[in-house]
Amino acid sequence: MELTRYILRRMVLSAFVVLGVTFLVFIVAQVVPSDPAALYAGPRPTAEQIEKARQELNLDAPLIQRFAGFAKAMGTGDFGVSYKSRRLIAEDLRAYLPATLELAVFSTGLALLIGIPLGVLAAARQGKWPDRLGSFGSIAAVAMPTFFLAMILQLVFAQWLGILPLSGRLSREISVTAPLSMMTGFNLIDALLAGRLDAFGDALKHLILPALTLASYPAGVAMRLTRSAMIEILERRHVTAARALGLSEPRILFGHALPNAMGPALTVIGLSFAYALTGAVLVEIIFAWPGLGRYVSEAILAKDFPVIAAVTMVVTICYVVMNLLIDIAQALVDPRVALS
Amino acid sequence: MTRLVQRLGWPGTIALVVILLLVLVAVLAPWVAPYPQQGVGVPNVAAKLSSPSAQYWLGTDHLGRDMLSRIIYGTRISLTNGVLIVAFSLLIGLPVGLAAGYFGGWIDEALMRGTDVFLAFPALLLAVLMAAALGPGFLNSIIAVSVTWWPWYARLARSEVLVLRNQPYVEAARLAGVSHGRIIIRHILPATGRPLTVQAALDVGPALLTAAALSFLGLGVLPPTADWGQMVDAGRKFFPARWWYSATPGLTIFIVALAFSVLGDALRERKGGTARASA
């Protein structure tokens with residue numbers, strides 16, 4: 001009962017947040033810029049063209065009416081046309097969103113895969129050098145500018161070692177010579193569905209560096225959270241009992257302690273996903289990753305406000321939905337959350 | 001000095017020294033920079049993209065300007081960025097949080113739900129949207145980041161006030177007929193000050209990191225003013241052949257942010273170490 005009420009309350013609040021987000025995006029994208037009509041009319045517009053654009057954009061209508069129109073368009077997925085390319089934004093989003101999501105999901109997995117074992121190791125060797133090194137690493141990961149880490153990884157793995165591609169999402173041999181048919185838009189899945197192992201390997205290689213860049217910070221957080229949860233659990237009686245039974249140390253750590261320390265994993269998933277969506281703007285530029293981040297950064301330079309507004313809306317809604325799901329999952333796993 | 005080391009530990013002390021040095025360098029930029037003219041932005045085309053040498057310790061950029069001087073002048077922009085972002089955010093967040101916590105009820109609900117809307121955005125994306133709408137520039141980029149930053153202070157201030165609101169001395173003031181405004185400013189604000197000041201000082205690091213990301217995207221200070229994020233971006237065209245162009249300002253950002261991060265860690269650990277009585 002308490003649980004259902006909590007979930008319902010969170011859903012209603014999220015709906016209000018989405019409405020607020022829509023309003024804020026509307027204000028920033030349509031009211032703050034000095035003259036959207038001049039931008040819409042194209043380069044060096046005449047006074048007539050601007051006037052025509054004003055009417056097309058309905059800029060003379062009252063603010064409330066304009067907002068209602070904007071909210072309705074966003075709600076129906078009609079994001080309008082790009083000022084610059086005159087293409088339908090919804091179509092562009094369909095091409096770019098999967099690329100960004102693929103990166104976000106992959107980097108989240110990577111963060112857990114790196115952070116949790118390191119956290120276990122740090123807890124097992126508490127106060128020794130692996131612990132200290134790990135702690136420093138997780139602090140350093142917070143301070144590292146995303147764009148700088150990306151460039152270092154490119155320098156080391158693509159330029160010096162030459163084992164991973166510098167940028168892009170697929171090699172030219174795949175994307176031009178034998179392109180994948182787009183089904184889900186996730187290259188890894190599309191390659192598997194088509195039974196193309198060459199394309200799968202190629203897509204995977206291209207994913208590693210950008211995903212690693214995005215995973216560094218959440219991996220640091222995952223390490224810290226796992227470490228402190230493990231330290232607490234290693235002092236519990238069932239662990240002592242397992243020790244008394246003479247079980248091997250790895251078996252105690254991974255078989256008996258870690259499953260009880262998995263609480264933070266959900267927090268990390270949410271945080272990592274959010275971080276990937278934010279960091280995408282920077283990482284996708286550097287790795288020439290054809291996703292939302294690069295799309296929006298090009299739109300910024302062109303002052304293409306409909307595109308900026310659409311991307312902000314879509315990404316923020318992904319973010320809100322993700323947070324809602326995490327909150328619900330956390331309440332299901334640990335019903336005490338719903339009561340507090 | 002020994003007491004300081006005792007309190008912060010060695011890493012914390014080193015971090016504090018780095019930050020103080022940074023402030024000093026920013027203030028004394030014209031005297032510390034080897035080529036102050038180039039630091040400000042005057043080109044020196046004869047020495048275009050020279051690698052690090054005795055003459056140019058960190059090499060030169062595509063206009064031949066000494067990287068070290070540029071980085072030293074960039075300190076001014078980065079630090080003011082960080083400080084002003086935090087100051088602006090406090091200016092918005094503090095009143096919101098104080099009012100929400102003190103009055104409670106529908107005022108609290110309305111203010112905090114509004115705050116939630118700002119927190120619902122991925123922070124960098126909202127800053128990018130703001131900065132794109134306002135146009136690039138020093139002040140605009142600061143406003144853009146502050147818009148994403150203030151909700152944290154609103155939350156922090158609110159949680160502090162919730163504790164203080166029912167303290168006997170506040171109730172006494174209320175019974176004595178002191179006005180709400182005066183209670184908030186004279187009795188509650190000074191008590192919330194300490195935790196907020198510490199938090200704010202530590203936030204200068206992450207704030208300047210975010211500002212650097214914006215200027216990397218071309219939404220910060222415009223050239224020829226030296227700015228670290230913008231320098232990393234400008235050097236990308238010459239990377240990795242002329243690695244120093246991007247690497248030196250990038251490394252500087254990392255070291256500065258790291259110093260703030262380590263100092264914050266040291267302070268938090270100390271707080272946890274000295275067992276505070278039920279606070």
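Reminder, nothing fancy here: chain letters follow the sequence lines and each chain counts from 1. Only heavy atoms go into these numbers, but all of them, side chains included; no hydrogens, no water, no symmetry mates.
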Nearest-0.5 Å distance, CG of residue L13(A) to CG of residue D116(B) = 7.5 Å
Distance col, row L129(B):CG vs F305(A):CZ, nearest 0.5 angstrom, shows 7.5 Å
Considering heavy atoms only, which positions within residues 214-221 of chain B lie below 4.5 Å of chain A?
-> F216(B), L217(B), L219(B)
What residue, out of V128(B), I253(B), L209(B), V147(B), has the most heavy-atom pairs lying under 4.5 Å from chain A?
-> L209(B)
Heavy-atom closest pair, residues V28(A) and A133(B) = O-CB, 3.3 Å
In this structure, CG of L119(B) is separated from CG of N323(A) (nearest 0.5 Å) by 10.0 Å
Side chain, backbone, both or neither: which part of L24(A) has a heavy atom under 4.5 Å from chain B?
-> side chain
Under 4.5 Å heavy-atom distance to chain A, tell me which part of R113(B) shows up: side chain, backbone, both or neither.
-> side chain
On a heavy-atom basis, the closest approach of P145(A) and G250(B) is CG-O, 4.2 Å
Minimal non-hydrogen separation, V117(B) against V21(A), with atom names = CG1-N, 3.5 Å
Are F136(A) and L258(B) close enough, and set up right, to give a side chain to side chain contact (heavy atoms under 4.5 Å, CB included), and what steps lead you there?
-> CA-CA 10 Å; F136(A) 181 77; L258(B) 186 64; 4.0 Å; yes
What residue in P206(B), A247(B), P249(B), G205(B) has the most heavy-atom pairs under 4.5 Å with chain A?
-> A247(B)
Assess whether side chain to side chain contact (heavy atoms under 4.5 Å, CB included) is satisfied between F147(A) and V232(B), documenting all intermediate values.
-> CA-CA 9 Å; F147(A) 49 89; V232(B) 177; 3.7 Å; yes
Nearest non-hydrogen partners of Y319(A) and P122(B), listed with the distance | CD1-CG, 3.7 Å
Check the pair T278(A) / L125(B) against side chain to side chain contact (heavy atoms under 4.5 Å, CB included), numbers first and verdict last.
-> CA-CA 6 Å; T278(A) 308; L125(B) 205 61; 5.6 Å; no
Who among T312(A), L155(A), I300(A), I308(A) has the most heavy-atom pairs with chain B under 4.5 Å?
-> T312(A)
Max heavy-atom pairs within cutoff under 4.5 Å with chain B, candidates L19(A), I286(A), T146(A), goes to I286(A)
Look at atom CH2 of W244(B) and say whether more than 12 heavy atoms of other residues, nucleotides or ligands are closer to it than 6.0 Å.
-> yes
For T316(A) against F121(B), the heavy-atom pair lying closest together = OG1-CD2, 3.3 Å
Who wins among G229(B), A123(B), S246(B) for the most heavy-atom pairs under 4.5 Å with chain A?
-> S246(B)
Closest non-hydrogen contact found for A120(B) with V17(A) is CB-CG1, 3.2 Å
Among the listed options I285(A), V320(A), L277(A), V311(A), the residue most often paired with chain B at heavy-atom distances under 4.5 Å | I285(A)
